Structures are given as C-alpha cells and as structure tokens.
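Only heavy atoms go into these numbers, but all of them, side chains included; no hydrogens, no water, no symmetry mates. Since this is a predicted model, take the numbers as computed values, not measurements. Letters A, B, ... are given to chains in the order of the sequence lines, protein chains preceding strands, and every chain is numbered from 1.
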Amino acid sequence: MFEVSKKTVEVCQEAFTRFVGTGLYIGLFLMSILYVISFMKKNDRKQRKIKIIFGFYSIIIFILNLCPVFTKFITTILRETSTYWRVYWLLPLGISIAFMFTEMIDHKEKKLEKAFTFVLIICVIIISGTYMYHLDKKEFIKVGNYYKVPDSVLDIIEYISKDEGDFKRLAGSEPFLVYTRQIDGNIMLPEARDVSAEYKDWSIVSIIKGGNLKDICDYCRSNSCNYLVLGKLVQFPDEYLLGYDIKKIYENDDYSLYKFNRIVED
Amino acid sequence: MIKTIILIILWLLIIPSLMGLYMIKFAKDDNKNILMAYIVGILIEFLVFEILAIPFTFLKFSFTALRIAWTVMITILTIISIILNRKNFKEILKVNIGKVKEMPKILTIIFLGLLIFQGYMGFSYMYEDYDDSNFVAKATIARDTDTLFVYNDIGYKYESFPTRHVFSPFPYYTATISEIVGTHPAITAHTVFPVAFLVVAYTVYYLIGTALFQHDRKKTMLFMVILSGLYIFGKYSRYAIFVRLLGRAWQGKSLLANIILPFIIYLFLEYLGEEKDGFYWVLLFITLWAADLLSSMSIFLPIIECTVLVVLYTIKDKNIKYILKFIPCCLPSIVYGIMYLIIK
C-alpha cells in the first residue's frame, strides 16, 4: 500500500522545492532550530518546552516531510499529490525566526547595542525575504470595486445578471471562467475546472484565442452557451455576425458581450 | 455602509469575544484575558458551524436553514455568556485596560503601524487567485440558489458527492457572514476577511509571544514587530504561509496555516503538560474540531502536529497521560477522516 514509486519521490522533491523558495528564509529557520537546541536550558521548564517545540518538533516534521514513505502515506490518504507541499505548513517558521531574533536583541545589554542589532536584523529580513506587495508584479492589483474583480470583467457580469431571462450560460476567456460565479451563482459556465490543468488549456479558451467565429459559435451551441464574451483582440463586424444568429448587446473598453438569439437550456 | 461596518465589528469581533468569555471562565490563569476569549470565540463560531453544516448538507437542508440555525445558536451562546459574566465585565475591562497601559509605547506603535499597513493592503488591493472560482463561487452559489453542495462550480448538479469539500464547508461560513452583515460573498471574502483574519492571526501570535517571553510585554512587542517584518517580506515562495495570510486570508487553508496550527503551538507551549491542564485539553478538542471547517487538510495536519508534540511530551515527562488525553481530542477529525475515505 505504501510502496514508494518514482512519482512519489518527485512529489516529495517538488514539495521541498516549493517550500524552500529562494532559500534564505529557510536558512534563517534552520539557524533558529540550532539556536533553541543550543541555548535553551534543560532545567528551565519553559525553555525546555521551547526546545521541544521549536527544536525537536521542527526537526521531526522536516525529516518526515522529506521521507518518501511519509509522502506516500499522506498522498494515499488525500488521494491526490498536488497539495502534499502543504505539510510544510506544520513548521513554525515565522515564530521560530522571530523568537531567535528577539532573544538576540534582548541579550544585548546596552540600549545602543539593542538598537543596532534590531536595525541589523531588519536589514537581514529585507535582504533574505521578498517584498510581498511589489505592485509592478501585478499580484496585488488596485481595482475600483470591493468584490476585488477586474472592473471590466465585473461590468460584463453585472450586465448579464441584469439581463432578462432565467437561463444564462456564459462562454468567455480565463477571467470569466474564474470570476463569473464568484459574482453571480445563477450564471453557468460551459466547462468544469480541473485543478491539474491551467485555464489556458481549456477548450473554450483556445477556441476563442483561435479567433474563428464559426468554431466559437459551434462551441457555444453545442454547450448551450447563450452569452459570449470576447476581448477587444477578437472582434467581429456586426454584419459578419448576422449569419451566425448572434448580436452584440454590450461592450466596455476591454470586452464585447454577445447574445445568441435561439440557444436554450440543455 | 456604516450599518455593514457595525455588523462586521459585531459578528467578527464583539460576539466572538463575548462568547469566548464564557469558555475561559474555566481557564486557570486566563479567565480575564480578552484576547484569549476572542480566539476561543472565533473557534466556537467555526465549531458550531461545522457541527451544523455537515448534517444539514447530508439531510439536504437549505442554506437559509443553516444560516438561521447558526445565527440562533451563536446568539444563544453569546446571551448565556453575557448573563453568566454580567458581574465580571467591570473587572475584565479593568484588567485588560491595565494591560494596555503597560504596553511599551514605541514598539506598540510600530507594530500597529505595520498591522494597519498590512490590513490596508488586504482591504484595498486584489490578489488574484484562481482557487476562488471554487471557494468564493461556492459561497455565492449557496446564497443565490439557497442550496448546500447541490450545484457545482459551473452550475450543474453534482454527479457524485464532493467529499473533498463537504466536511470543510468554509465557503458557507463566508456566505453566512455575508448575509448577516449585508454584503456580497465576494466582498466579504476579498475585502472583509483579509482584515478580520489578519487581526485574528496576529492575536494568536501575540498570545504565543506572551507564552515565549513569560508575559514580558517589551519582548513580546519586539517579537510582534519582527514577525510582522517577516510576513511583509515573506514572499520567498508563493507557497509560504506568509503569502497565504497577506494574499489569501479568506481561504480556509490560509486560516489553518496562520491561525489553527499556531494556536495549537500556543496551547502546547503555555498550558498542556502543566498542572490542572484539563480545560486546555478541552480547548484542544474544540480547536481540532473547529479546524475541520476550514479545509480538507485541516482533518489531517493538526492531528499530525499534535501527535508529534504529544509523543515528545510523553518522552519528556515519561508520562503516558498525554496520549490518553489526546486520543479523545482527535475523535471528530478521525470520524470525518474515515467518512472522507469511505465516501470518496
């Protein structure tokens, strides 16, 4: 049941790689483990507990996570491998490093030494880590709504929500696959998310990117999608749409919304 | 808007604190610690939701029924707590205001500044995560269709029971809070929870700090400032817990990593293994069961954490009592785990 295959070892390695990241924080964490094991006193009850939790516990969890047999055990229970890396959350990384740094500052006797050590530690943290809120990396993005959805995407979804009719199934590119049902649970989508696949590999996304209106309309008809959203890079003149029984009903700066005249619920 | 803010503060801060005050009456040293009461109250909110949501799902009750049942239960528990603590509020306030006055001013201001900055970023900025097409969508679907695990993420009825999520229905907690405070589930998830659960997580870390440094406030606040710095610069890997709290605090698994697992550390560090620790084993039981709401990983990870710590404590004190006290604490998670495996 827990035989270790090559795949299990790969899962184990992948998890470790994800945990380590750039490596410097993990270096600080390993330092903190050594620190508590070396400097916490045996005859002080609290310090002994600190040694156990931030020293021995951390070491045991680290070793377990690196052990393919443990990997196999966990992935067998979970019946998937894609989330194994979360076992590294068992390690008290932040607490351990912060404790070590606090003790280092506290052990200085003079105020000036404490202040200097504090500044040095802040520099170490800045150099070792990566700033969370790099706005140019487009991970933390400013939008104009509290839903925290791209404004132009929200605009289209809200238009569809207010449109007449009970049956609504939307075909669109990645943002719409992600955000539509977060905003309106009554608007359906054509494909279910497979967590092992990227959205860009979904057939609707590749068909839209292909830019062939006949293929797009065939897809929508076979999946009973009565709404279609296309980005401004994939546009069709109104007269071209006439032959496909579809009309543009709304557009904003980034997207155009189309509705099929005669698609009904399947 | 004002009404929404008041309701958010009421349901995510005041009510948990009041509810928790009842539980911590039995805590030997912490029976007036408002921060401990707050965390215990949040755990009780999660626990009551977990206890209700699973049978309601299997019995095919509506989302409205679940929401009303939970709201009523929490209201009853809060009223009971207020009645039982009515003579103690003055003393509790006096003790906690006294603690605030003893806080080191500069370090506290620095920490609060960092906390407000992190809260501002979570409140104001969008962090794109495709997992929300599942988690946040489930909350919206529950609200819009008034069902529990009937419709999948694209709008079809489930062909088979989604066992991975049924035992951890945190999206429905999101939907419930949304309905109570009067916001859309996506707003609750992406705008309210990043601030609310940031406060919860740092409250747990503050408690850990007091345990590590024997209630030395200066060292504790220094610890909090350094920890905040580690979080703000913690994007060394997008899989790190730091990113989870500052970027995705509305997801159950983020709360597992940043609230539950650290809180368990706190219990072992400060209370478990000491004299008269019976109440804290009950608290561990509550924590482990409440954690199951958050994520399918919550059924397993806290148990692994506790098992290793209990074994180490057993070796340390050469006393098998820890194992005997721990086994009942894991029973709900073990039951869910077995059901998870059988149904899957």
Quiz item: Does the separation of the ring centres of A:Y146 and B:H190 fall below 6.0 angstrom?
Solution: no
Practice problem: For this output row, return yes or no: ring centroids of A:Y25 and B:F242 closer than 6.0 angstrom. | Solution: yes
Exercise. Mind running side-chain contact (heavy atoms from CB on, under 4.5 Å) on A:Y133 and B:L246 for me, showing each step along the way?
Key: CA-CA 9 Å; A:Y133 304 112; B:L246 300 192; 3.3 Å; yes
Quiz item: For the residue pair A:F140 and B:Y125, does the interplanar ring angle fall in the parallel (under 30°), tilted (30 to 60°) or perpendicular (over 60°) class?
Solution: perpendicular
Quiz item: Are the side chains of A:V87 and B:L301 in touch, meaning some heavy atoms are under 4.5 Å apart?
Solution: yes
Self-check item: Candidate pair A:R86 and B:Y239, rule side-chain contact (heavy atoms from CB on, under 4.5 Å), full reasoning
Solution: CA-CA 8 Å; A:R86 292 177 193 167; B:Y239 302 97; over 6 Å; no
Self-check item: Side chain / backbone / both / neither for A:L170 at chain B, heavy atoms under 4.5 Å
Solution: neither
Quiz item: Can you say whether B:Q118 sits under 4.5 Å from chain A via the side chain, the backbone, both, or neither, judging by heavy atoms?
Solution: both
Quiz item: So what's closer than 4.5 Å to chain A heavy atoms on B:Y127: side chain, backbone, both or neither?
Solution: both
Self-check item: Residue, of A:I122, A:I95, A:V143, that accumulates the most heavy atom pairs under 4.5 Å with chain B
Solution: A:I95
Practice problem: Against chain A, label B:F213 side chain, backbone, both or neither, depending on which of its atoms sit under 4.5 Å from a heavy atom there. | Solution: side chain
Self-check item: From CD1 (A:I125) to OG (B:S228), nearest 0.5 Å
Solution: 9.5 Å
Exercise. Examine whether an atom of A:N145 lies under 4.5 Å from a heavy atom of chain B, and if so say whether it belongs to the side chain, the backbone or both; otherwise answer neither.
Key: neither
Practice problem: Under 4.5 Å, counting heavy-atom pairs only, tell me which of A:W85, A:Y179, A:F19 racks up the most with chain B. | Solution: A:W85
Exercise. Under 4.5 Å, counting heavy-atom pairs only, tell me which of A:I60, A:I97, A:I183 racks up the most with chain B.
Key: A:I183
Quiz item: What distance separates A:F73 CZ from B:I304 CD1, expressed to the nearest 0.5 Å?
Solution: 7.0 Å
Self-check item: Closest-packed option against chain A by number of heavy-atom pairs under 4.5 Å, given B:I226, B:I241, B:I315
Solution: B:I226
Practice problem: Kindly check if the number of other-residue, nucleotide or ligand heavy atoms within 6.0 Å of NZ (A:K111) is above 12? | Solution: no
Practice problem: For each of A:T17, A:L24, A:I50, A:I53, tally heavy-atom pairs with chain B at distances under 4.5 Å, and name the one with the top tally. | Solution: A:I53
Exercise. Considering non-hydrogen atoms only, spot the tightest contact between A:Q182 and B:A186 and give its length.
Key: O-CB, 3.8 Å
Quiz item: What are the two closest non-hydrogen atoms of B:I265 and A:P92, and how far apart are they?
Solution: CD1-CB, 4.1 Å
Self-check item: Salt bridge B:R238-A:E139, side-chain N to carboxylate O under 4.0 Å
Solution: no
Quiz prompt | Contact origin within B:V225 toward chain A - heavy atom pairs under 4.5 Å | solution = side chain
Quiz item: Between B:E274 and A:R45, does at least one N-O distance fall below 4.0 Å, as a salt bridge requires?
Solution: yes
Practice problem: For the pair B:F300 and A:I74, evaluate side-chain contact (heavy atoms from CB on, under 4.5 Å) and give the outcome as yes or no after the intermediate values. | Solution: CA-CA 9 Å; B:F300 306 104; A:I74 295 294; 5.6 Å; no
Quiz prompt | B:I260, part contacting chain A, at a heavy-atom distance under 4.5 Å | solution = neither
Quiz item: Given side chains that start at C-beta, do those of B:K253 and A:W89 come closer than 4.5 Å, heavy atoms only?
Solution: yes
Practice problem: Could you tell me which portion of A:T83 (side chain, backbone, both or neither) has an atom closer than 4.5 angstrom to a non-hydrogen atom of chain B? | Solution: both
Quiz item: So, for A:P150 and B:M126, which heavy atoms are closest and what is the spacing to 0.1 Å?
Solution: CD-CE, 3.7 Å
Quiz item: With side chains defined as the heavy atoms from C-beta onward, is the minimum distance between B:S133 and A:R181 less than 4.5 Å?
Solution: no
Quiz item: Got A:M132 and B:V243 here, is their nearest side-chain heavy-atom distance under 4.5 Å?
Solution: yes
Practice problem: Give, as side chain, backbone, both or neither, the part of A:I105 having an atom under 4.5 angstrom from any heavy atom of chain B. | Solution: side chain
Practice problem: Pick out which of B:D153, B:I154, B:N152 makes a side chain to side chain contact (heavy atoms under 4.5 Å, CB included) with A:L189. | Solution: B:I154
Quiz item: Roughly how far, to the nearest 0.5 Å, is CD1 of B:I232 from OG1 of A:T130?
Solution: 13.5 Å
Quiz item: What do you reckon, is NZ of B:K218 surrounded by more than 12 foreign heavy atoms closer than 6.0 Å?
Solution: no
Exercise. For side-chain contact (heavy atoms from CB on, under 4.5 Å), just list the numbers for B:Y236 and A:L28, CA-CA rounded to whole Å, side-chain angles, deciding distance to a tenth of an Å, and then say yes or no.
Key: CA-CA 12 Å; B:Y236 64 90; A:L28 291 175; over 6 Å; no
Self-check item: Toward chain A, the part of B:L261 with a non-hydrogen atom under 4.5 Å
Solution: side chain
Exercise. Determine whether B:L227 and A:T102 make a side-chain contact, defined as any pair of heavy atoms from C-beta on separated by less than 4.5 Å.
Key: no
Self-check item: Interatomic spacing from SG in B:C306 to CG in A:L90 - rounded to 0.5 Å
Solution: 10.0 Å
Self-check item: Residue part contacting chain B, namely of A:Y88, when any heavy atom lies under 4.5 Å
Solution: neither
Practice problem: Measure B:I208 against the heavy atoms of chain A and call it side chain, backbone, both or neither at under 4.5 Å. | Solution: side chain
Quiz item: Of the backbone (N, CA, C, O) and the side chain (C-beta and beyond), which part of B:F223 lies under 4.5 Å from a heavy atom of chain A, both, or neither?
Solution: both
Self-check item: Heavy-atom pair of closest approach, residues A:K49 and B:L272
Solution: NZ-O, 2.8 Å
Quiz item: Looking at A:A98, A:G94, A:G129, A:G21, which makes the most heavy-atom pairs under 4.5 Å with chain B?
Solution: A:A98
Quiz item: Looking at B:H184, B:Q214, B:M224, B:K316, which makes the most heavy-atom pairs under 4.5 Å with chain A?
Solution: B:H184
Quiz item: Are the aromatic rings of A:Y57 and B:F268 close, with centres under 6.0 Å apart?
Solution: no
Quiz item: For the atom pair NZ (A:K46) and CG (B:L212), what is the distance rounded to the nearest 0.5 Å?
Solution: 7.5 Å
Quiz item: By a 4.5 Å heavy-atom criterion (distance strictly below it), what part of A:F176 contacts chain B: side chain, backbone, both, or neither?
Solution: neither
Quiz item: Judged by atom type as modelled, is there a donor-acceptor pair below 3.5 Å linking the side chain of A:K148 to the main-chain atoms of B:E128?
Solution: no
Exercise. Among B:V192, B:T191, B:N258, single out the residue with the greatest number of heavy-atom pairs under 4.5 Å to chain A.
Key: B:T191
Quiz item: What do you reckon, is OH of A:Y131 surrounded by more than 12 foreign heavy atoms closer than 6.0 Å?
Solution: yes
Quiz item: Among B:I141, B:L269, B:V136, which residue forms the greatest number of heavy-atom pairs with chain A at distances under 4.5 Å?
Solution: B:L269
